[in-house]
**Q** 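What follows is a structure written as structure tokens; I'll ask about it next.
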There are 2 protein chains.
Amino acid sequence: MAHDPDQSSRGVHADAHRHAIDADAVQSRARAYATSKGLPFTAMRQRVLALLAASGKPMAAYEIAEKLSDARRVQAVQVYRALEFLQEAGCVHRLASQSSYFACDHLHGNGETVVFMVCSQCGAVQEAASDLVARGLRGVAKTTGFKPLHPIIELEGECADCTSEPVR
Amino acid sequence: MAHDPDQSSRGVHADAHRHAIDADAVQSRARAYATSKGLPFTAMRQRVLALLAASGKPMAAYEIAEKLSDARRVQAVQVYRALEFLQEAGCVHRLASQSSYFACDHLHGNGETVVFMVCSQCGAVQEAASDLVARGLRGVAKTTGFKPLHPIIELEGECADCTSEPVR
DNA sequence: TCCGAGGTGTAATATTATGACATGGCGCCT
DNA sequence: AGGCGCCATGTCATAATATTACACCTCGGA
């Protein structure tokens, strides 16, 4: 995917009422990852990803297990296994601030620094890459001799939708 | 606690990566907060804070409960209550990436944006405020109309000590 | 054909966090 | 002094999140 090296940030499309993710796109990315690793993109993995994509919002692992349960009960551990695969594939991220998981729109290149903006009203998550943030982080790391490997950047706040029209 | 006779030719052992913080300073900050709120700085709160300060590293709540237990068993819920107070006082932070808690060196003003750098080798945490990161975050938020309230910024990586001489 | 890697289904357990409730101290008011 | 409100405590219970263990299955090579 093309970068904007000139811009300090790349905004997420501000579609106010988009709550779902492009399921096909994310699914083919997962499939591509599976193929590249010689691993199967199994039914369980597809089901978890499809559910998250359709939801468009973060879900707890047990919540996923519940939704996927029909005649047969889906156990949490099965969901965690699928989530692990999907996270490695870059199709799903974990929100550390609330121990939940969500499907991710876009491909994150190499060491791209992504900010998750989590709305405390409606729960929606937006992602945005920011070169400025990335440089800032490299900066503080450098001054302390710290070698950063994996950044976790989450903003809790209120999304545009909820600011303009307060919830229920 | 553990004291090793110096055996390494370089004179450094695992504890070298430990950065205990100024217990008196952090305690007086907690006390000041308590006074300002008209709340007591109780024995339990002091014990939890003192333990975290002495440790200098993040601890899980149950680990704290364990260490504080003597004849009487300290229950996790008591620790969580103390931690809640100490977090409000700004003396303790929670590491979302690992659900652990650590005592904090310095006073964070108003909306200061602080980065936690967590060493995956030795577990130590360093803090640094970055204006550049803060501006980057405001930037991405602005482009999406997101109103940021509380940022969580954690860098997992390797601290200077561990880069130069790995623990164990 | 056999073997091995990886997945599944199931049970059990570990870890993290909160809810509910009775009790006790302490300041404050009358 | 007596009563009241507020807050913290101690204790039990439970919710929510996450992992370990193990037997079995299935596919694709050697």
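Labels below follow one simple rule: chain letters A, B, ... track the order of the sequence lines, proteins then strands, and each chain is numbered from 1. Note that these values count all heavy atoms, side chains included, but never hydrogens, waters or copies made by symmetry.
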**Q** Using 0.5 Å steps for rounding, measure from the CD atom of Glu156(B) to the CD1 atom of Ile152(A).
**A** 4.5 Å
**Q** Can you give one letter per nucleotide of nucleotides 21-30 of chain D, going 5' to 3': B for a protein heavy atom under 4.0 Å from the base, S for sugar-phosphate only, - for none?
**A** B---------
**Q** Please check the phosphate of dA15(D) (OP1 and OP2 only) for any side-chain N or O of Tyr80(B) closer than 4.0 Å.
**A**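 No, no such contact exists.
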**Q** dA17(C) P sits how many Å from Glu63(B) CD, rounded?
**A**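 In whole Å, dA17(C) P and Glu63(B) CD are 13 Å from each other.
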**Q** Whole angstrom is fine here: how far is it from CD in Glu84(B) over to P in dC7(D)?
**A**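 Rounded to whole Å, this separation is 13 Å.
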**Q** Which of the following nucleotides, dA18(D), dG10(D), dG9(C), is nearest to the side chain of Arg72(B)?
**A**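 In terms of side-chain proximity for Arg72(B), the closest of dA18(D), dG10(D), dG9(C) is dG10(D).
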**Q** Reckon Ser99(A) has a side-chain N or O less than 4.0 Å from the OP1 or OP2 of dT16(C)?
**A** no
**Q** Classify the ring geometry of Phe102(A) against Phe116(A): parallel below 30°, tilted from 30° to 60°, perpendicular beyond 60°.
**A**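 Judged by the thresholds at 30° and 60°, the geometry between Phe102(A) and Phe116(A) is perpendicular.
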**Q** Considering just the side-chain nitrogens and oxygens of Arg94(B), establish if one lies under 4.0 Å of OP1 or OP2 belonging to dA17(C).
**A** yes
**Q** Ring-on-base stacking between Tyr62(B) and dT15(C), under 5.5 Å between centres and under 30° between planes: is it there?
**A**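 So no, this residue does not stack on that base, at least one cut-off failing.
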**Q** In whole angstrom, give the distance that lies between atom CG of Leu83(B) and atom C1' of dT16(C).
**A** 12 Å
**Q** Check salt bridge (charged side-chain N to carboxylate O under 4.0 Å, His left out) between Glu154(B) and all other residues, then give those that pass, not counting sequence neighbours.
**A** none
**Q** So Tyr33(A) and Phe85(A), would you call those rings parallel, tilted or perpendicular, with 30° and 60° as cut-offs?
**A**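 Aromatic pair Tyr33(A)/Phe85(A) classed perpendicular.
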**Q** Figure out the CG/P separation between Leu86(B) and dA8(D), and round it to whole Å.
**A**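 Roughly 12 Å, once rounded to whole Å.
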**Q** Whole Å only: how far is the CE atom of Met59(B) from the P atom of dT16(C)?
**A** 12 Å
**Q** Ala60(B) near the nucleic acid: base, sugar-phosphate alone, or nothing, with a heavy-atom cut-off under 4.0 Å?
**A** sugar-phosphate
**Q** Within a radius of less than 6.0 Å around CD of Glu88(B), do more than 12 heavy atoms belonging to other residues, nucleotides or ligands occur?
**A**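 Counting neighbours around CD of Glu88(B), more than 12 heavy atoms of other residues, nucleotides or ligands fall under 6.0 Å, so yes.
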**Q** Look up atom CD1 in Ile153(A) and atom CG in Leu155(B), then write down how far apart they are to the nearest 0.5 Å.
**A**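 Nearest 0.5 Å value for the CD1-CG distance: 7.0 Å.
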**Q** Enter the distance from Asp22(A):CG to Asp105(A):CG here, rounded to the nearest 0.5 Å.
**A** 7.5 Å
**Q** OP1 or OP2 of dT9(D) less than 4.0 angstrom from a side-chain nitrogen or oxygen of Gln78(B), does that happen here?
**A** no
**Q** Provide, to the nearest angstrom, the distance between the NZ atom belonging to Lys37(B) and the P atom belonging to dC6(D).
**A**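 Lys37(B) atom NZ is separated from dC6(D) atom P by 17 Å.
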**Q** Rounded to whole angstroms, how far apart are CG on Leu68(B) and C1' on dG10(D)?
**A**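 Going from Leu68(B) (CG) to dG10(D) (C1'), I get 15 Å.
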**Q** Parallel, tilted or perpendicular: which fits the ring planes of Tyr80(B) and Tyr62(B), with parallel below 30° and perpendicular above 60°?
**A**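 Plane angle over 60°, so perpendicular.
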**Q** Please report, rounded to the nearest Å, how far the C1' atom of dA8(D) is from the CD atom of Glu88(B).
**A**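 Roughly 14 Å, once rounded to whole Å.
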**Q** Could you check whether Phe85(B) gets within reach of a base, just the sugar-phosphate, or nothing at all, counting any heavy atom under 4.0 Å?
**A**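 Nothing, no nucleic acid heavy atom in range.
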**Q** Keeping Arg45(A) on the side-chain end and Pro40(A) on the backbone end, is there a donor-acceptor pair under 3.5 Å?
**A**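 Pair found, side chain donor or acceptor close to backbone of Pro40(A).
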**Q** For Gln75(B) and for Gly38(B), locate the closest nucleotide of DNA chain D by heavy-atom distance; then report the residue assigned to the nucleotide nearer the 5' terminus.
**A**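 Nearest nucleotide further toward 5': that of Gly38(B).
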**Q** Which residues in residues 39-47 of chain B have at least one heavy atom lying under 4.0 Å from any atom of DNA chain D?
**A** Leu39(B), Pro40(B), Thr42(B), Met44(B), Arg45(B)
**Q** Hey, is the main chain of Ser130(B) close enough, under 3.5 Å, to the side chain of Thr113(B) for a donor-acceptor pair?
**A**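 Side chain of Thr113(B) to backbone of Ser130(B), a donor-acceptor pair under 3.5 Å: no, none is there.
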